[in-house]
Amino acid sequence: MARSKHLLPGFGLTMGVSLFYITLIILLPIAAMLLKIAGMGWEEFWRIISSNRALAAYRITFSSALIATVINGVVGLLFAWVLTRYRFPGRRFLDALIDFPFALPTAVAGLVLVTLFANTGWYGQWLEPNGIKVNYTQAGIIAAMTFTSIPFVVRAVQPVLEEVDEALEAAARTLGATRWQIFTRIIWPTILPAFIGGCVLSFARSLGEFGAVVFIAGNLPGLTEIVSLLIFIRLDEYNYEAAAALAFVLLLVALLTLIATNALAAWQTRYVERAA
Amino acid sequence: MNKLFVPAFAALALAATPVVAQPTDILNASYDIARELFDAENAAYTASGATVTVNQSHAGSSAQARAILEGLQADVVTFNQVTDVERLVEGGFVSDDWQTEFPNNAAPFYSFPSFLVRVGNPKNINDWGDLASEGVQVIFPNPKTSGNGRYTYLAARAWANEEYAGDEAQVEAYLTKLFSNVPVFETGGRAATTAFTERQLGDVLVTFEAETLAVTKLLGDDQYQPVTPSVSFLSEFPVAIVDKVVDARGSRDVAKAYLDFLFTPEGQEVAAQNFHRVQEETVAAAHAETFPEIRLVTVEDEFGGWDQVASEHFADGGLLDKVFINQ
Amino acid sequence: MAKPAHPAGEIVLIGLAFVFAALVLAVPIALIFAFAFREGAAVYFANIFERNTLHAIWLTVLTAIVVVPINIAVGAALAWLVTRFRFRGRQLLISAIELPAAMSPIVAGVTYLFLYGAQGLFGPALQTAGIQVMFTPLAIILVSLFVTAPFAARELIPLMSQQGTEDEEAALSLGANGWQMFWLVTLPNIRWALVYGAVLTNARVMGEFGAVSVVSGTIRGQTNTLPLQINLLFNDFNVTGAFAAASTLTLIAVATLLIKSVLESRQHA
């Protein structure tokens, strides 16, 4: 069938492999969880996902992820700018270092952060006397989320920034545009879709982060308990319905994120095509 | 392509094989704070000439019961509460006469909920009543996942029953206040300890005496001091063979021999060295000065047995749920 | 490159980037080794060669050896499919493979528990057949496959759609069969992206914590991967041991960065 319809070979084989794998490894487990949820009543489901403890966990998780994303947006833009626009000794090194949070296991990241910010730690001994407590507070959650998602914005913006039309910039400059005008009128609109895309990925990753956060968050219900941890606790309590319902909420958010990123990617493609 | 895949599938097959019977090693699923105890017990068991390798898994006692019901292939359980073994009985994993298989209702050692405070006892915590005071933060593990946490609940209730002469309204008010003084319910006893020691949360840690004494020794009596309350709740640590697993693996004999060892004078000595109280008289006498005097109430005297405790207190919507607002 | 009209501003920005990178990225690396070695090299190696830590290293490596080739092969197949053919549901397929990247790893673990656990969909049938999946290395391998499924495809899809199909069509018109075309034309074109995908997959497999902690059963010396072993040592009050175990993963992370850096310069060359 592949031969007749397609010029290139391998349609049947790769389709078979892909469908088999996606079904077995990705879709089947998710379906099992959805079945678990389908087995519970709507009222029960609603009671679990709207309980005070769950609401507090959403609030903490989402607000921390949001703050971490804002920090990473600013820092990511700085890194992307510095790495693409300037040439300086150590640039390659800096560029490689950016990916460290992706390469480092999150549990190790958590262990390191909690040690750094301990009251006797390398950072904590300076911060705590000034009234800044990071470990076992929401600041710790934000620190862990920020660390684990640093590379997203940098890596999204960097390639686009490299492609910004320099002739356009030069033209603007000869026409007397200030550097700020060039940035806001030419560069910013070009990198905006990529920037938002990077932020969305960073936000999604922060929402789901578990390994780094559990080490440094106090895990206090209502104060420093994230949704992932609440799911884990419900499992340990043998309360599978609650675990499944809360997991479903996170899954839904993941799906929305995915749809948003895909829409953004499509938007970006159109944007680039229109610009060309 | 084949070169890439052959080793991969060989490795996959290898990874899947541990389910095949191998009675040269057994798995002991145990409670959270018993990490050091069973490191020592297993070393002593090997030193006594046993050739079997005993693997360990530690978590909250109830979380372990759940894992076994989900398929964790544990040959033996060394839990801290009868109710968790009873869950395995209900699930058909352990025969219902398990308490007759070993001496002393199958409990080689015991302990009780006790207190650990920061050195100097700044909040002046001496008995159960002090835990419900305004401004005192108490740390103990989640009673839903940890036998340790449930013992704390039962001990506090036993004290309150005496204090308020059985007035249920006052008892409940006391327990509600106590639970609201807990900032975090960790899922296992060890996690509660690290919350108290590493995270410096709370003014008092309520956990087994075995843990309060061990932590004081390990982390220094210049930082922590154990406090023994006026009364506490006898916490016998039951052991059982997981019949369903040992029958499938053919490991019943090695599993039984291992649990038998815990009741021998050698096994008892190791337990006492690790701050677990034991029944064996000579060992108990030798370690008498480690363990302060305490009045212990039993589940039969106070609550009419474990069955009644399970249905009245720990069932969904039971008395525990009234004071433990965990939603 | 833009002419630096304000070198002072440029220096400030570069300085800021370096300060941030030092505080947030370099200091943690230093801290791991400082703590791992704080009781001397002898203690460090004793910690590494402790029986359970050694087994955790072995299990982590085994998982990577199984997972990385499978996910690279599947990623390549999927990338071929979605970049060389247009068919209905193509976008859906891309989204499906992306799904694990957007999901919380805890949720990934939970889904596998509901599939293979004794109370799960397949659990009872598997138990009757005497097959144990949960709490064995097999479960760890399965969730690792899940969480790293998108990594290779993510690297390959943009590259392969950009490269187009001319080379491959040329090879076919010259009489090459499908496999010859793949080995001689496609593979050389994508090999660096493949290696890059493998490196990223490997880093994540070795470091996965959330999903693995749901399905592992944390049996010492049997189903503890390195990240779980680090957590366990930390809870055993053995902080130095935890950092020693962490240092092995950090070395792998640093090696990952080096390989990646080299690959990128090759790709650009």
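Below, chains carry the letters A, B, ... as their sequence lines are ordered, and counting in each starts from 1. Note that the coordinates shown come from a computational prediction; the quantities given were computed from them, not determined experimentally. In what follows, every heavy atom counts, from backbone to side chain, and hydrogens, waters and symmetry copies are set aside.
- The pair A:Arg155-A:Asp95 meets the salt-bridge criterion, since a charged nitrogen lies less than 4.0 angstrom from a carboxylate oxygen.
- For chain C, no part of A:Leu246 is nearby; none of its heavy atoms comes within less than 4.5 Å.
- For the set C:Val82, C:Val239, C:Val214, the count of heavy-atom pairs under 4.5 angstrom toward chain A peaks at C:Val214.
- Note on C:Ala76, C:Ser95, C:Ala153: by heavy-atom pairs under 4.5 Å with chain A, the leading option is C:Ser95.
- Ion pairing between A:Arg234 and A:Glu225 fails under the 4.0 Å rule for side-chain N and carboxylate O.
- Aromatic ring orientation, A:Trp180 versus A:Phe183: parallel (interplanar angle below 30°, classes split at 30° and 60°).
- Contacts of A:Ile30 with chain C are made by both backbone and side-chain atoms, with heavy-atom separations under 4.5 Å.
- For C:Gln91, the part lying under 4.5 angstrom from a heavy atom of chain A is the side chain only.
- Ranked by heavy-atom pairs shorter than 4.5 Å toward chain A, the options C:Leu249, C:Leu16, C:Leu200 are led by C:Leu249.
- A donor-acceptor pair is defined here as one N or O able to donate and one able to accept, closer than 3.5 Å; such a pair exists between the side chain of C:Asn177 and the backbone of C:Gln180.
- Heavy-atom distances place no part of A:Leu229 under 4.5 Å from chain C, backbone and side chain included.
- Aromatic ring centroids of C:Tyr196 and C:Phe151 lie 6.0 Å or more apart.
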(message) Please determine whether salt bridge (Lys or Arg N to Asp or Glu O under 4.0 Å) holds for the pair C:Glu98 and C:Arg154, giving the CA-CA distance in whole Å, both sets of side-chain angles, and the decisive distance to 0.1 Å.
(response) CA-CA 8 Å; C:Glu98 276 287 328; C:Arg154 260 189 181 174; 3.2 Å; yes

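- For the pairing with A:Phe117, the ring pair (Phe, Tyr, Trp, His ring centres under 6.0 Å) check across A:Trp122, A:Phe147, A:Tyr123 returns one residue only, A:Tyr123.
- Interface remark: A:Ala212 contributes no atoms to any contact with chain C (heavy atom separation under 4.5 Å).
- The aromatic ring centres of A:Phe11 and C:Phe87 sit less than 6.0 Å apart.
- Contacts between C:Leu25 and chain A at a heavy-atom distance below 4.5 Å involve backbone atoms as well as side-chain atoms.
- With a 4.5 Å cut-off on non-hydrogen atoms, C:Pro100 touches chain A through its side chain but not through its backbone.
- Both the backbone and the side chain of A:Ile25 come within contact range of chain C, judged by heavy atoms closer than 4.5 Å.
- In terms of non-hydrogen atom pairs under 4.5 Å with chain C, the most contact-rich of A:Leu104, A:Ile26, A:Val82 is A:Ile26.
- Only the side chain of C:Ile106 has a heavy atom closer than 4.5 Å to any heavy atom of chain A.
- A:Leu250 touches chain C through its side chain: at least one heavy atom from C-beta onward sits under 4.5 Å away, while N, CA, C and O do not.
- Both the backbone and the side chain of C:Leu23 come within contact range of chain A, each with at least one heavy atom under 4.5 Å from a heavy atom of that chain.
- Aromatic ring centroids of C:Phe18 and A:Phe88 lie under 6.0 Å apart.
- Of the two parts of C:Phe35, only the side chain, counted from C-beta on, holds a non-hydrogen atom closer than 4.5 Å to a non-hydrogen atom of chain A.
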(message) Evaluate A:Phe79 against C:Phe20 for ring-ring contact (aromatic ring centres under 6.0 Å, His included), listing each step before the verdict.
(response) CA-CA 10 Å; A:Phe79 273 112; C:Phe20 187 85; 5.8 Å; yes

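- Each of C:Val143, C:Ile94, C:Leu99 has some count of heavy-atom pairs under 4.5 Å with chain A, and the biggest count is that of C:Leu99.
- Nearest heavy atoms, A:Ile182 versus A:Ala177: CG1-CB, 3.9 Å.
- With a 4.5 angstrom heavy-atom cutoff, C:Phe146 touches chain A via backbone and side-chain atoms both.
- The contact between C:Ala34 and chain A is made entirely by side chain atoms (from C-beta outward), counting heavy-atom distances below 4.5 Å.
- With chain A as the partner, the residue from C:Ala108, C:Ala101, C:Ser213 showing the most heavy-atom pairs under 4.5 Å is C:Ser213.
- Ring planes of A:Phe215 and C:Phe209: tilted class, angle from 30 to 60°.
- Heavy atoms of A:Leu34 lying under 4.5 Å from chain C are absent altogether.
- Contact annotation for C:Thr256: only side-chain heavy atoms (C-beta onward) come within less than 4.5 Å of a heavy atom of chain A.
- Only the side chain of A:Val214 comes within less than 4.5 Å of a heavy atom in chain C; its backbone stays farther off.
- Taking NZ of A:Lys36 as the start and OG1 of C:Thr111 as the end, the distance is 13.5 Å to the nearest 0.5 Å.
- In this structure, the portion of A:Val114 lying under 4.5 Å from any heavy atom of chain C is its side chain and not its backbone.
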(message) I'd like to know whether C:Thr201 forms a side chain to side chain donor-acceptor pair (under 3.5 Å) with C:Asn71, so could you lay out the CA-CA distance, the side-chain angles of the two residues, the decisive distance to 0.1 Å, and finally the verdict.
(response) CA-CA 8 Å; C:Thr201 307; C:Asn71 270 350; 5.9 Å; no

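- Both the backbone and the side chain of A:Tyr240 come within less than 4.5 Å of a heavy atom of chain C.
- For A:Leu35, the part sitting under 4.5 Å from any heavy atom of chain C is the side chain, from C-beta outward, and nothing else.
- Only the side chain of A:Tyr21 comes within less than 4.5 Å of a heavy atom of chain C; its backbone N, CA, C and O stay farther away.
- Using modelled atom types and a 3.5 Å distance limit, the side chains of A:Ser228 and C:Ser104 yield a donor-acceptor pair.
- Heavy-atom distances place the side chain of A:Leu78, and not its backbone, under 4.5 Å from chain C.
- With respect to chain A, the highest number of heavy-atom pairs below 4.5 Å among C:Leu228, C:Ile230, C:Ile97 belongs to C:Ile97.
- One finds a salt bridge joining C:Glu168 and C:Arg84 here, because a Lys/Arg side-chain nitrogen approaches an Asp/Glu carboxylate oxygen to under 4.0 Å.
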